[in-house]
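Since this is a predicted model, take the numbers as computed values, not measurements.
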Amino acid sequence: MHLTPARLVPWAAACLAVGCAAAQTGPTAASLRRDSFFWNQAEREFGFAHWDEIFPATPIARGPTVRQLPAGPAIAALAPAMPGGQAMNQYLAEQKVAGFILLQDGAVRFERYGLGHSPLGKWTSQSVAKAATSTLVGIAVREGFIASIDDPVTRYLPALTGSGYDGVTIRQLMTMTSGVRWNEDYSDPDSDLARFYRAPITPGLDATVSYMRTLPREAPPGTKWWYKTGETHLLGALVAAATRQPLAEYLSTRIWAPYGMERAATWTLDRSGRELGGCCLQAGLRDFARFGQFVLDGGKIDGRAVVPDGWFAEATRKHWDTGYMERGYGFQWWTGDGGTFDAIGINGQLIHIDPARRLVVAINSAWPEATSRERTLAWRRMLGTITAALDQEPR
């Protein structure tokens, strides 16, 4: 993640002024480089928990009522005295897990924290935010701000006319099949993802449209899948343009407040002061789980659907085979076997939803690597252990 300019938070400024010795014992919001891809492990663990003190962000207000998460029965196989419990403890430590919560039928059946994180803290979502932006597209369709996801993107973002996005539909942005070339390499300082955050902004345009309109087309729209965070940033810009509301406000008034999230959240801003649709919601672990429950329940609040009928069935089915670890891709959701689907962010962020078992798992992590096949296989094995335990419980 590259974001400038840095924002110096008040307590850090005060320490610089008077000299706070304690603040020099580890990373601080003021000391961290504004390039999270190259943080060391200590910086990562601190930075993910204090993201909105390091990068500009805007609040996502909560409402007056909190949706309670009742305590469900503990999963016996995950008790510390059980073999599976020891495996879970080892998994949490080895995978640098800051928070792990499991809901079944909306009740908490397992919850654990590490790395100094707690139910009172926030953690950055990384690309888990893509699932929220995708959902806001659905809400905008239901409310008539977007006529159809088969509309051309240029209908809502006319500054893209004449670019590689001519003839690209919202659906193709949602499934990352625009055919526009993009390099997502997290370790390459000259990738599109890196240059997105430092390229000059064309006067009169926001930062997202300014950069994305410069990209060339490499394949006809709808013929090639490629993962592109910049295109989810475009989806965010499109929703904001269509609704004439900032994304944070739209998320707050349509989901966060009425659904009963426990804590205010934040959404990271680009250099134009607009939310980055493809990244970086900062929220509590329990509220990430509540968002998963909202999706599992079909996008209904107090019995009323806020997305079109059948939206999540369509959004979470496999539209494209990604060629990566047997995963498919829907509307910004990764699809798996047995009807499961995931919102995934780098360094181990996850919302896993298993409709057949009425299961939601939310994980905050600080993996040393942005992406890791071995660590992905580890959380798959752990989920397999959990689902096997659940399947053996008396019905």
task = Identify the two heavy atoms, one from Phe46 and one from Ala29, that lie closest to each other, and give their separation to 0.1 Å.
result = CE2-N, 3.4 Å
task = Give the C-alpha distance, both sets of side-chain angles, the deciding distance and a yes or no for side-chain hydrogen bond (donor to acceptor under 3.5 Å, both in side chains) between Ser191 and Asn183.
result = CA-CA 5 Å; Ser191 69; Asn183 177 358; 5.0 Å; no
Any donor-acceptor N/O pair, Ser125 side chain to Leu281 backbone, under 3.5 Å = yes
Pair Trp267-Tyr250, ring-ring contact (aromatic ring centres under 6.0 Å, His included): steps then yes or no = CA-CA 12 Å; Trp267 204 326; Tyr250 200 50; over 10 Å; no
ask   = How many angstroms lie between CG in Leu215 and CZ in Phe196, if you round to the nearest 0.5 Å?
value = 10.0 Å
ask   = Distance-only, no hydrogens or angles: does the Thr253 side chain make a donor-acceptor pair with backbone N or O of Glu249 under 3.5 Å?
value = yes
message = Below 30° counts as parallel, above 60° as perpendicular, anything between as tilted: where do the rings of Trp225 and Trp334 land?
response = perpendicular
key: Salt bridge Asp190-Arg198, side-chain N to carboxylate O under 4.0 Å   = yes
message = Less than 4.5 Å apart, side chain to side chain, heavy atoms only: is that true for Asn364 and Phe100?
response = no
key: CD-CG distance between Glu314 and Asp309, expressed to the nearest 0.5 angstrom   = 13.0 Å
key: Closest approach of Lys96 to Pro368 (non-hydrogen atoms, all atoms of both residues)   = CG-CD, 4.2 Å
task = For the pair Arg327 and Asp342, find out whether any cationic side-chain nitrogen is under 4.0 Å from an anionic carboxylate oxygen.
result = yes
query = Any side-chain heavy atom of Ile139 within less than 4.5 Å of one from Phe145?
reply = no
inquiry  = Give me the atom names and distance for the closest heavy-atom approach of Ala265 to Trp256.
reply    = CB-CZ2, 3.6 Å
task = Quickly, which of Met212, Arg213, Arg217, Gln172 forms a side-chain contact (heavy atoms from CB on, under 4.5 Å) with Tyr165? Name it, please.
result = Met212
query = Do Val66 and Leu69 sit in the same hydrophobic cluster, where Ile, Leu, Val, Met, Phe, Trp and Tyr count as joined when their side-chain heavy atoms come under 4.5 Å apart?
reply = no
query = Is Arg112 close to Leu92 at the side-chain level, that is, under 4.5 Å between some pair of heavy atoms?
reply = yes
query = For Pro73, does its backbone N or O pair with a side-chain atom of Arg109 as donor and acceptor, under 3.5 Å?
reply = yes
query = Taking C-beta and beyond as the side chain, do Glu374 and Glu369 meet within less than 4.5 Å on heavy atoms?
reply = no
ask   = How far does OG1 of Thr161 sit from CG of Asp166, to the nearest 0.5 angstrom?
value = 5.5 Å
key: More than 12 heavy atoms from other groups under 6.0 Å of CG on Asp302   = no
message = Assess whether a salt bridge exists between Arg67 and Glu262, defined as any Lys/Arg side-chain N lying under 4.0 Å from an Asp/Glu carboxylate O.
response = no
task = Please check if any side-chain donor atom of Thr229 sits under 3.5 Å from a side-chain acceptor atom of Glu184, or the reverse.
result = yes
query = Can you check whether Ile255 reaches Thr135 side chain to side chain, under 4.5 Å on heavy atoms?
reply = yes
task = Work out which heavy atom in Ile301 is nearest to a heavy atom in Arg254; give both atom names and the distance.
result = CD1-O, 3.4 Å
query = Which value, rounded to the nearest 0.5 Å, describes the distance between Glu45 atom CD and Ser365 atom OG?
reply = 10.5 Å
message = Would you say that Ile201 contacts Ser210 through its side chain, given a criterion of any heavy-atom pair below 4.5 Å between the two side chains?
response = yes
task = Answer yes or no: is there a side-chain heavy-atom contact under 4.5 Å between Phe294 and Val360?
result = no
key: Check: Ala107 main-chain N/O paired with Asp105 side-chain donor or acceptor under 3.5 Å   = no
ask   = Between Thr124 and Gln282, does any side-chain donor sit less than 3.5 Å from a side-chain acceptor?
value = yes
message = Between Thr154 (side chain only) and Leu157 (backbone N and O only), is there a donor and an acceptor less than 3.5 Å apart?
response = no
request  = Flag the pair Arg195 and Asp192 as a salt bridge only when some basic side-chain nitrogen lies within less than 4.0 angstrom of an acidic carboxylate oxygen.
outcome  = yes
task = Return yes if a side-chain donor-acceptor contact under 3.5 Å exists between Asp185 and Ser187, otherwise no.
result = yes
ask   = Under 4.0 Å between a Lys/Arg side-chain N and an Asp/Glu carboxylate O for Asp270 and Arg274?
value = no
query = Quick one: do Lys122 and Glu53 make a salt bridge, cutoff under 4.0 Å?
reply = no
ask   = Can you check whether Leu235's main-chain N or O pairs, donor with acceptor, with Thr232's side chain at less than 3.5 Å?
value = no
ask   = Should Asn40 and Glu43 count as side-chain neighbours, where that means a heavy-atom distance under 4.5 Å?
value = yes
Atom pair OG1 (Thr376) and CD (Gln95), whose distance is rounded to the nearest 0.5 Å = 9.0 Å
ask   = What do you reckon, are the aromatic ring centroids of Trp226 and Tyr329 less than 6.0 Å apart?
value = no
inquiry  = Tell me whether the count of non-hydrogen atoms from other residues, nucleotides or ligands lying under 6.0 Å of CG in Asp150 goes above 12.
reply    = yes
inquiry  = Checking Tyr113 against Glu111: is there a side-chain donor and acceptor pair closer than 3.5 Å?
reply    = yes
query = Is the Phe331-His319 ring centre distance short of 6.0 angstrom?
reply = yes
inquiry  = For Asp297 and Lys300: C-alpha separation, side-chain torsions, deciding distance, then whether salt bridge (charged side-chain N to carboxylate O under 4.0 Å, His left out) applies.
reply    = CA-CA 6 Å; Asp297 291 340; Lys300 294 182 179 179; over 6 Å; no
query = Are the side chain of Thr387 and the backbone of Leu383 linked by a donor-acceptor contact shorter than 3.5 Å?
reply = yes
Donor-acceptor pair, side chain of Arg271 and main chain of Tyr197, under 3.5 angstrom = yes
request  = Using atom types as modelled and distance alone, determine if a side-chain donor or acceptor of Glu275 lies under 3.5 Å from a backbone N or O of Ala248.
outcome  = yes
inquiry  = Assess, by modelled atom type and distance only, whether the side chains of Arg44 and Gln41 contain a donor and an acceptor separated by less than 3.5 Å.
reply    = yes
query = Looking just at side-chain N and O atoms, do Tyr227 and Ser127 make a donor-acceptor pair shorter than 3.5 Å?
reply = yes
query = Is there a salt bridge (charged side-chain N to carboxylate O under 4.0 Å, His left out) between Arg62 and Asp287 once you walk through the steps?
reply = CA-CA 10 Å; Arg62 50 153 286 187; Asp287 285 338; over 6 Å; no
query = Would you say the ring centroid of Phe48 lies under 6.0 angstrom from that of His117?
reply = no
note = Here the pair of heavy atoms bringing Leu296 nearest to Leu359 is CD2-N, 4.0 Å
Side-chain H-bond candidate by donor/acceptor type, Arg358 with Gln104, under 3.5 Å = no
Closest non-hydrogen atom pair, Val307 against Gly298 = CG2-O, 3.8 Å
ask   = Does a donor on one side chain sit under 3.5 Å from an acceptor on the other, for Ser134 and Gln332?
value = no
query = For the residue pair Trp39 and Trp51, is the inter-centroid distance of their aromatic rings smaller than 6.0 Å?
reply = yes
query = Charged N to carboxylate O below 4.0 Å: is that the case for Glu94 and Arg375?
reply = no
message = Return the CD1 to CD1 distance between Ile363 and Ile351, rounded to the nearest 0.5 Å.
response = 10.5 Å
ask   = Does any N or O in the side chain of Glu231 come within less than 3.5 Å of the main-chain N or O of Lys228, such that one atom is a donor and the other an acceptor?
value = no
